[in-house]
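Please read all numbers here as calculations on a predicted model, not as lab measurements.
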Amino acid sequence: MTRLAKVGLAAAALVTAAAGLCAAAEEGPLGVWIDHTGRGAVEITKCGDALCGKVVWVADMKNSEGCGLEILGDVKPMGDGTYDEGWIYDPDRDAKFSVELVPQGNKLSVHGYKGIKMLGETFVWTRAPADLARCPS
C-alpha cells in the first residue's frame with residue numbers, strides 16, 4: 001500500500017471517529033443509560049424545556065416494581081454543556097437530591113448533592129446498547 005493510501009485511510013478513520021463522537025455529544029444526556037450499580041437503566045428524555053428520566057430496564061426482575069419509576073426531573077441545560085437545577089431520586093435512600101449531569105460521550109457524569117455541590121457524590125453512567133431489553137409494558 002502506498003504512503004498516500006495509508007494517509008488517506010488514516011484520515012478517513014479519524015473523520016469517522018470524530019463523526020461518532022459529535023453524534024454522541026449532540027445527543028447530550030438524551031437516551032438510555034445504565035446506572036453506576038449496573039442494576040438498572042434510565043431513559044432520559046425531554047419534558048418540556050427540561051429533561052426527565054425513568055427506569056426502563058432492571059437487571060433482576062425481582063426489582064421490576066422499579067420499572068417506570070421517575071428518577072430524574074426538571075433538569076435544565078445550562079448553556080455550557082452541563083445540565084442542572086433538577087432533581088434525582090435515590091430509591092436505595094428513598095430521598096431526592098439536586099443533580100448535575102455532564103455528558104462525556106458514552107459516559108454520563110451524574111452528580112447528586114444537597115445544597116452544596118462540593119459535598120455531593122458523583123457517579124458515572126454508561127450509555128446502554130441499542131438492543132437493551134426493556135421492562136415489560
Side-chain angles (χ1 to χ4, degrees):
M1 184 178 286
T2 68
R3 181 175 178 181
L4 185 56
K6 288 179 184 177
V7 170
L9 284 174
L14 285 173
V15 168
T16 302
L21 288 176
C22 288
E26 287 173 10
E27 288 181 19
L30 298 178
V32 180
W33 300 90
I34 296 176
D35 75 2
H36 59 285
T37 68
R39 297 183 314 193
V42 175
E43 182 172 28
I44 299 176
T45 59
K46 288 185 179 182
C47 294
D49 293 334
L51 302 178
C52 58
K54 65 179 182 175
V55 175
V56 295
W57 172 82
V58 291
D60 187 343
M61 286 314 291
K62 72 178 181 183
N63 296 320
S64 64
E65 72 279 356
C67 289
L69 180 66
E70 193 166 9
I71 291 287
L72 290 167
D74 300 325
V75 184
K76 299 167 187 65
M78 296 288 103
D80 62 356
T82 66
Y83 297 77
D84 206 341
E85 297 183 1
W87 55 266
I88 187 166
Y89 174 69
D90 180 347
D92 291 335
R93 296 181 187 172
D94 191 26
K96 279 187 180 178
F97 298 91
S98 296
V99 69
E100 176 185 48
L101 304 176
V102 181
Q104 301 167 333
N106 285 326
K107 302 287 183 190
L108 182 65
S109 174
V110 179
H111 183 73
Y113 61 96
K114 279 253 191 223
I116 302 171
K117 280 188 186 179
M118 291 188 323
L119 301 178
E121 249 182 298
T122 301
F123 301 100
V124 177
W125 292 4
T126 304
R127 192 172 296 277
D131 62 350
L132 183 73
R134 293 187 176 230
C135 294
S137 299

- Min side-chain heavy-atom separation V32-R127 under 4.5 Å: no

- Which residue pairs pass the disulfide bond (SG atoms under 2.5 Å apart) test with at least one member in residues 88-119, sequence neighbours excluded? none

- Are L132 and M61 in one and the same hydrophobic cluster, where Ile, Leu, Val, Met, Phe, Trp and Tyr link if side-chain heavy atoms are under 4.5 Å apart? no

If you look only at distance, which donor and acceptor atoms sit under 3.5 Å apart when one is on a side chain in residues 91-102 and the other is two or more places apart or in another chain?
{"unit_1": "D92", "atom_1": "OD1", "unit_2": "R39", "atom_2": "NH2", "d": "3.2"}
{"unit_1": "D92", "atom_1": "OD2", "unit_2": "R39", "atom_2": "NH2", "d": "2.7"}
{"unit_1": "R93", "atom_1": "NH2", "unit_2": "E121", "atom_2": "OE1", "d": "3.1"}
{"unit_1": "D94", "atom_1": "OD1", "unit_2": "Y89", "atom_2": "OH", "d": "2.6"}
{"unit_1": "E100", "atom_1": "OE2", "unit_2": "K117", "atom_2": "NZ", "d": "3.4"}

- Message: Would you say D84 and T82 are linked by a side-chain donor-acceptor pair, where the criterion is simply a distance under 3.5 Å?
- Response: no

- Which ILVMFWY residues can you reach from M78 by hopping between side chains whose heavy atoms are under 4.5 Å apart? none

- For P103 and P29, work out which heavy atoms get closest and say how close. CG-CD, 3.7 Å

- Item | Criterion side-chain contact (heavy atoms from CB on, under 4.5 Å) on V58 and C67, from CA distance to verdict | CA-CA 7 Å; V58 291; C67 289; 4.0 Å; yes

- Task: Only counting residues at least two apart or in another chain, list the ones meeting side chain to side chain donor-acceptor pair (under 3.5 Å) with N63.
- Result: none

- Message: With clusters defined by side-chain heavy atoms of hydrophobic residues (ILVMFWY) lying less than 4.5 Å apart, directly or transitively, does L108 cluster with Y83?
- Response: yes

- Item | Pair listing, ring-ring contact (aromatic ring centres under 6.0 Å, His included) test, anchored in residues 99-120, at least two apart | H111-Y113

- Message: Please evaluate residues V124 and V110 with respect to the criterion side-chain contact (heavy atoms from CB on, under 4.5 Å), reporting the C-alpha separation (whole Å), side-chain torsions for both, the decisive distance (0.1 Å), and the verdict.
- Response: CA-CA 6 Å; V124 177; V110 179; over 6 Å; no

- Item | Smallest separation among heavy atoms of W87 and D74, with atom names | NE1-OD2, 3.4 Å

- Looking at side-chain heavy atoms only, is the closest gap between L51 and T45 below 4.5 Å? no

- I34 to P129 - nearest heavy-atom pair and separation: CD1-CD, 4.2 Å

- Would you indicate whether the side-chain heavy atoms of H36 and W125 approach each other to under 4.5 Å? yes

- Please assess F123 against D35 for the test side-chain contact (heavy atoms from CB on, under 4.5 Å), listing each intermediate value before the final yes or no. CA-CA 8 Å; F123 301 100; D35 75 2; over 6 Å; no

- Item | Within residues 56-66 or reaching into it, pairs that qualify as salt bridge (Lys or Arg N to Asp or Glu O under 4.0 Å) - sequence neighbours excluded | D60-K62

- If you look at every heavy atom in G68 and K54, which pair is closest and at what distance? O-CB, 3.9 Å

- Message: Other residues, nucleotides and ligands only: do more than 12 of their heavy atoms fall within 6.0 Å of CG on D80?
- Response: yes

- Do L72 and I44 touch side chain to side chain, with heavy atoms closer than 4.5 Å? yes

- Taking atom CD of E43 and atom CH2 of W33, what is their separation to the nearest 0.5 Å? 12.0 Å

- Message: Once rounded to the nearest 0.5 Å, what's the spacing between atom OG1 of T126 and atom CD of Q104?
- Response: 11.0 Å

